[in-house]
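Below: the structure, in structure tokens.
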There are 2 protein chains.
Amino acid sequence: MALSQPTRPLSHGDLLARRLGPPVPFGPFEALLLEGLARPARSCPAGDEIGEHGAPLRPRLIRSGWAGAVRTLQDGRRQIFRLLLPGDCIGISATPAALAVSTTLALTPLETVELEPVTAALRDDPERHAALATAFALEAARAEAGLLDHLMRLGRQTALERTAHLLLELRDRLAAVGLGGVTHFPLPLTQEVLADTLGLSTVHMNRTLQELRRLRLLRLDKGQAELLDPARLAGIADYAPPRVSTLGPASSAALREG
Amino acid sequence: MALSQPTRPLSHGDLLARRLGPPVPFGPFEALLLEGLARPARSCPAGDEIGEHGAPLRPRLIRSGWAGAVRTLQDGRRQIFRLLLPGDCIGISATPAALAVSTTLALTPLETVELEPVTAALRDDPERHAALATAFALEAARAEAGLLDHLMRLGRQTALERTAHLLLELRDRLAAVGLGGVTHFPLPLTQEVLADTLGLSTVHMNRTLQELRRLRLLRLDKGQAELLDPARLAGIADYAPPRVSTLGPASSAALREG
DNA sequence: CGCCACATTGATCCTCTTCAAAGCGTGTGG
DNA sequence: CCACACGCTTTGAAGAGGATCAATGTGGCG
């Protein structure tokens, strides 16, 4: 089946390349990656905060596990801004020594790899690592587009629509790094976390998932999600799959050739 | 009074400098600004779309008037992601030839200035315009922080809280370019636009504004807003004024000295 | 004067929240 | 092997916050 959740098929560098690579051809910079990323991943348990709101950013790659960018109101209400999946980067910023605008919370046991050497190289010799810089910039653009999708969900969609939309987004983002296929993917989150992502109460999150099951659109089992009718789900969610890149056709072609 | 809404006191360059400048000392790059921005502003009426979702980005400065970054669902539900005020920039991106992830809609009559020459200069000789690059990067970070604030509003705050929070944000952003003071500022938006920003129905937006008036927190008159008790409003909204910058203290100091 | 966009109001409905309790699965210690 | 605790899911009932529908007011402007 397409339920490919490889134990550890990709090296750190391969994971990053797969995640950032497609539209931009990596060459001289692969070496840099391998050099900087050969070190072992660092682990932390679920619930750990790695990087707090207001603290200096530290660039990291998520090697395995899920995290969330989160902020909490005085009275405890919590909002997750973005779910962070294997292959996602945290703390990359064009501003030197920037401060985190949200807390990063491990939602499952997490393995991360320091990207400091990579960003340092980028800072020291931007010319030489232009492709890398472009890849990171592209990634930032994708992240921003993701935030806008999320705003659309929270501002204008119903609980059912939001949930369908998020499931499709997660499917596509996971597929991009080889985790899961068109219908199956890992979903190791509690309903409380999903609720905090989608701006719902836990109770209503539960009932919304039930509704999706009742409609024969979704199956959940042991941290795995199965989309039984992705097309219908996309209809409900008004979901558009992510563009291949945020580059225009012209420059995209130019990059492929360059 | 602090109700300073100058007719046209600032040059294009001064407006930009005031908006981007504070933490980063502008020097050699002012010249560039003035060179590139001497040209007259271009006007368009309210309702015009300048830059559509999916079209190539074009860098612009809002000289006067308000715009919104917006996206619409198939069925017409609309979400405004970010209100764009005088001094705000549109279409700045680290990726060359990026595509817009949202449509920019003029909410009032609008005057804009092309920033193409500025971004071109940045692209051609990044070394020489490092301060400018930093300023734009900082600005991008601020914009992202603003998106997270907005997500918090839409995901976890009530109509009253959202409205209070947005009003305070607008006050501070306007004050940063000399429009309005601690209690007064221009607010040339219809309730429908506010509703589409805050993820509410027009009717409920109306009632929420009434509630704020009833609580003696807000007065609206002729496109001007008056906050009658900013502190209490901040309490309701759980509002934290924006940090001076997103730079850490160390690098912030370094920049001031450099 | 009459039009038009915008603001306001009333009534009703429904989505979602809240509170409280009960299932369920898994791991732990006795 | 059972008892128990703990985290997560599920269920019920009640209520609030907002949406929706349909008018009515109001002010600026040709």
Side-chain angles (χ1 to χ4, degrees), chain A residues 45-48 66 68 73 75-79 105-109 153-166 187-215 218-225 236-237, chain B residues 45-48 66 68 73 75-79 105-109 153-166 187-215 218-225 236-237:
Chain A
D48 259 29
W66 292 37
L73 250 26
D75 63 3
R77 281 175 289 179
R78 189 173 74 162
Q79 179 63 49
L105 176 67
L107 300 173
T108 71
R153 283 194 287 253
L154 296 186
R156 286 305 183 201
Q157 293 196 290
T158 66
L160 195 76
E161 293 165 345
R162 286 179 213 186
T163 307
H165 198 282
L166 179 65
L187 187 67
L189 302 179
T190 66
Q191 295 184 1
E192 185 185 2
V193 165
L194 285 172
D196 284 344
T197 304
L198 293 175
L200 301 171
S201 67
T202 308
V203 171
H204 201 61
M205 188 71 249
N206 179 281
R207 290 183 171 134
T208 303
L209 291 172
Q210 284 180 53
E211 177 72 1
L212 282 171
R213 287 188 284 234
R214 202 185 57 69
L215 293 171
L218 175 66
R219 197 177 290 166
L220 291 176
D221 188 43
K222 300 201 236 302
Q224 297 283 320
I236 290 174
Chain B
D48 259 29
W66 292 37
L73 251 25
D75 63 4
R77 281 175 289 177
R78 189 173 74 161
Q79 179 63 48
L105 176 68
L107 300 173
T108 71
R153 283 193 289 254
L154 297 185
R156 285 306 184 202
Q157 294 196 291
T158 66
L160 196 75
E161 293 166 344
R162 286 180 213 187
T163 308
H165 199 283
L166 179 65
L187 186 67
L189 303 178
T190 66
Q191 296 184 357
E192 185 184 3
V193 166
L194 285 172
D196 284 343
T197 303
L198 293 176
L200 301 170
S201 68
T202 308
V203 172
H204 200 63
M205 187 72 249
N206 179 282
R207 290 182 170 137
T208 302
L209 290 172
Q210 283 180 53
E211 177 71 0
L212 282 171
R213 286 188 285 236
R214 203 185 56 69
L215 293 171
L218 175 66
R219 198 176 290 166
L220 292 175
D221 187 43
K222 299 199 236 306
Q224 297 283 318
I236 290 174

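Numbers restart at 1 for each chain; the letters A, B, ... are given by sequence-line order, proteins then strands. Computation of the quantities below employed the complete heavy-atom set of this structure, encompassing side-chain atoms and omitting hydrogens, waters and symmetry-equivalent molecules. All figures in this text were calculated on a predicted structure; none of them were measured in a lab.
- Protein chain A contacts DNA chain C from dC16(C) to dC19(C), reading 5' to 3' and using non-hydrogen atoms of the protein with a distance under 4.0 Å.
- With hydrogens and angles disregarded, no donor-acceptor distance shorter than 3.5 Å links the side chain of Arg153(A) to the backbone of Ala159(A).
- Within the 3.5 Å criterion, the main-chain N or O of Leu187(A) finds no donor-acceptor partner in the side chain of Gln224(A).
- Take Asp221(B) and apply the side chain to side chain contact (heavy atoms under 4.5 Å, CB included) test, not counting sequence neighbours, and it matches no residue.
- In this structure, the side chain of Arg162(A) engages the main chain of Leu198(A) through a donor-acceptor pair within 3.5 Å.
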Protein-nucleic acid N or O pairs under 3.5 Å, nucleotides 13-17 of chain D:
{"from": "dA13(D)", "atom 1": "N6", "to": "Arg207(A)", "atom 2": "NH1", "distance (Å)": "3.4"}

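- Residues that satisfy the side chain to side chain contact (heavy atoms under 4.5 Å, CB included) test with Ala237(A), not counting sequence neighbours, are Ala164(A), His165(A), Leu168(A), Tyr239(A).
- In this structure, Arg213(B) contributes its side chain and Thr208(B) its backbone to no donor-acceptor pair below 3.5 Å.
- Contact between the side-chain N/O atoms of Gln210(A) and the OP1/OP2 oxygens of dT9(D) is not found at any separation under 4.0 Å.
- Regarding Leu189(A), its CG atom lies at a distance of 10 Å from the P atom of dT9(D), rounded to whole Å.
- In this structure, Ser201(A) reaches the bases: a heavy-atom distance under 4.0 Å links it to at least one base atom across the strands shown.
- In this structure, the side chain to side chain contact (heavy atoms under 4.5 Å, CB included) partners of Pro188(A), at least two apart in sequence or on a different chain, are Trp66(A), Thr108(A).
- Atom-to-atom, CZ of Arg214(A) to P of dT10(D) comes out at 15 Å; the value is rounded to the nearest Å.
- Nearest-nucleotide positions on DNA chain D place Gln191(A) closer to the 5' end than the other of Arg156(A) and Gln191(A).
- Between the CD atom of Glu211(A) and the P atom of dT10(D) there is a distance of 14 Å, rounded to whole Å.
- Qualifying salt bridge (Lys or Arg N to Asp or Glu O under 4.0 Å) partners for Arg77(B), counting only residues two or more places apart in sequence or in other chains: Glu161(A), Asp75(B).
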Kindly determine whether Leu220(B) and Gln191(B) satisfy side-chain contact (heavy atoms from CB on, under 4.5 Å), including the steps that lead there.
-> CA-CA 11 Å; Leu220(B) 292 175; Gln191(B) 296 184 357; 5.6 Å; no
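- For Leu218(A) and dT9(D), the CG to C1' distance is 15 Å, given to the nearest whole Å.
- Gly199(A) comes within contact range of the sugar-phosphate backbone alone, with a heavy-atom separation under 4.0 Å but no base atom that close.
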